[in-house]
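Because only heavy atoms are used, hydrogens play no part in the values below, and waters and symmetry mates are left out as well, while side chains stay in. Naming: A, B, ... by sequence-line order, numbering from 1 per chain.
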There are 2 protein chains.
Amino acid sequence: MPALEAIEGALEARGYRVTPARRAVLQAILSRPEHFTAEEVMRRARAGRATVFRTVRLLCELGLLCRVLLEDGRLHYRLLGPRRHHHHLVCVECGRVQDLEECAVGGLVRELASATGYEIQGHWLEFYGRCLSCREPDQGGVR
Amino acid sequence: MPALEAIEGALEARGYRVTPARRAVLQAILSRPEHFTAEEVMRRARAGRATVFRTVRLLCELGLLCRVLLEDGRLHYRLLGPRRHHHHLVCVECGRVQDLEECAVGGLVRELASATGYEIQGHWLEFYGRCLSCREPDQGGVR
DNA sequence: GCGATGATTGATACGAGGTATCACTGATGC
DNA sequence: GCATCAGTGATACCTCGTATCAATCATCGC
């Protein structure tokens with residue numbers, strides 16, 4: 001999980017200024033351990049609607065945030081460490097997200113391409129379930 | 001691809017009435033070979049906004065429509081034949097959708113479950129690329 | 001220091017896509 | 001014939017964004 005300074009450094013390194021508004025958005029984001037909506041950031045950061053959305057988009061473009069797709073189709077965002085293409089395993093009860101470091105469909109993509117003739121350029125893959133802590137009540141009991 | 005009568009039968013079998021408004025929505029849907037938005041159905045069917053959305057949701061719940069996730073996170077809908085769980089390969093140029101009958105991540109789900117302790121309940125998997133016809137200009141030419 | 005320039009901001013309007021409300025309608029059961 | 005209830009559609013509202021645009025702020029050359 002990158003610290004505030006690291007993100008600000010990444011912004012500056014790419015020629016973006018670190019302004020009070022951007023810092024407020026970043027702090028709001030850093031205070032959320034899991035995924036969040038832009039709306040949540042707006043409530044926490046004292047920054048205008050447009051600025052929040054612009055900053056979130058910017059961070060996505062710079063690879064500092066990633067999008068998390070929820071089961072119902074909504075998009076959330078999530079701070080990204082220094083990692084590349086990956087997928088998520090989302091707990092539908094507590095919202096915890098587990099990053100899956102390896103992309104498991106690389107081989108499948110090649111198979112599909114030769115079977116269908118498509119030139120495959122991208123994919124979405126997200127998993128949903130209940131994490132260990134949310135399952136615990138199920139497991140300990142005699143029932 | 002189910003016919004109008006088949007869908008109406010499925011509705012009636014579950015205790016839903018086949019009304020003129022629902023039939024209009026169904027006809028609008030049947031006239032779209034690929035995926036569509038609820039908005040497109042509204043333009044084609046002479047039915048109110050709420051009715052269109054309600055009908056689309058109903059058909060999803062009954063398993064007669066499926067949701068297609070586009071690369072940018074938007075949701076489209078698509079008529080579903082008599083098939084079960086499947087995934088999509090979407091052409092980003094012409095919008096053509098190829099259904100992938102086999103769910104390729106079943107094994108992966110079991111692996112993930114034992115590795116993470118999650119009880120995995122669902123997943124999204126959609127592929128994006130360019131279909132054969134859209135690639136043709138690339139391929140035939142000398143260039 | 002000063003003006004020009006360009007990045008950034010935030011209020012606001014707008015748009016897609018969808019839900020909630022509620023009075024009304026029309027079919028159905030008794 | 002009447003009560004009931006599913007279905008309808010106008011409307012308001014919500015979420016999650018983008019576009020616009022005047023104002024502001026930092027920086028740079030002079």
Task: Summary of ring pair (Phe, Tyr, Trp, His ring centres under 6.0 Å) pairs that have at least one residue in residues 53-76 of chain B, sequence neighbours excluded - done: B/H35-B/H76
- [ ] Identify whether the distance between the nearest side-chain nitrogen and carboxylate oxygen of B/R130 and B/E136 falls below 4.0 Å.
- [x] no
Shorter than 3.5 Å, N or O on both sides, protein versus nucleotides 5-12 of chain C: list them out with atom names.
{"unit_1": "C/dA7", "atom_1": "O4'", "unit_2": "A/R17", "atom_2": "NH2", "d": "3.4"}
{"unit_1": "C/dT8", "atom_1": "OP1", "unit_2": "A/R17", "atom_2": "N", "d": "2.9"}
{"unit_1": "C/dT8", "atom_1": "OP1", "unit_2": "A/R22", "atom_2": "NH1", "d": "2.9"}
{"unit_1": "C/dT9", "atom_1": "OP1", "unit_2": "A/T19", "atom_2": "OG1", "d": "2.2"}
{"unit_1": "C/dG10", "atom_1": "OP2", "unit_2": "A/G48", "atom_2": "N", "d": "3.3"}
{"unit_1": "C/dG10", "atom_1": "OP2", "unit_2": "A/T51", "atom_2": "OG1", "d": "3.1"}
{"unit_1": "C/dG10", "atom_1": "N7", "unit_2": "A/R54", "atom_2": "NH2", "d": "2.6"}
{"unit_1": "C/dG10", "atom_1": "O6", "unit_2": "A/R54", "atom_2": "NH1", "d": "3.3"}

TODO: May I ask you to list the residues of residues 66-75 of chain A, by number, that have any heavy atom positioned under 4.0 Å from an atom of DNA chain C?
DONE: none
Task: Any side-chain donor near an acceptor of the partner, B/T37 and B/R74, under 3.5 Å - done: no
Open item on the list: Distance check needed: C/dG17 P versus B/H35 NE2, whole Å only.
Closed with: 13 Å
Open item on the list: Distance check needed: D/dT18 C1' versus A/E61 CD, whole Å only.
Closed with: 13 Å
TODO: Salt-bridge test for B/R78 and B/E34: reply yes if a basic N is under 4.0 Å from a carboxylate O, no otherwise.
DONE: yes
TODO: Grab the CZ-C1' distance between B/R57 and D/dA6 for me, whole Å please.
DONE: 15 Å
Open item on the list: Tell me the interatomic distance from B/R43, atom CZ, to C/dG15, atom P, rounded to whole angstroms.
Closed with: 14 Å
Open item on the list: Tell me the interatomic distance from A/L58, atom CG, to D/dT18, atom P, rounded to whole angstroms.
Closed with: 12 Å
Task: Protein-nucleotide distance (A/H76, atom NE2; D/dT15, atom C1'), rounded to Å - done: 11 Å
Open item on the list: Distance check needed: C/dG18 P versus B/L59 CG, whole Å only.
Closed with: 14 Å
- [ ] Could you check how far CZ of A/F36 sits from C1' of D/dC16, rounded to whole Å?
- [x] 14 Å
Task: A/R44 (side chain) donor-acceptor with A/Q27 (main chain) under 3.5 angstrom - done: no
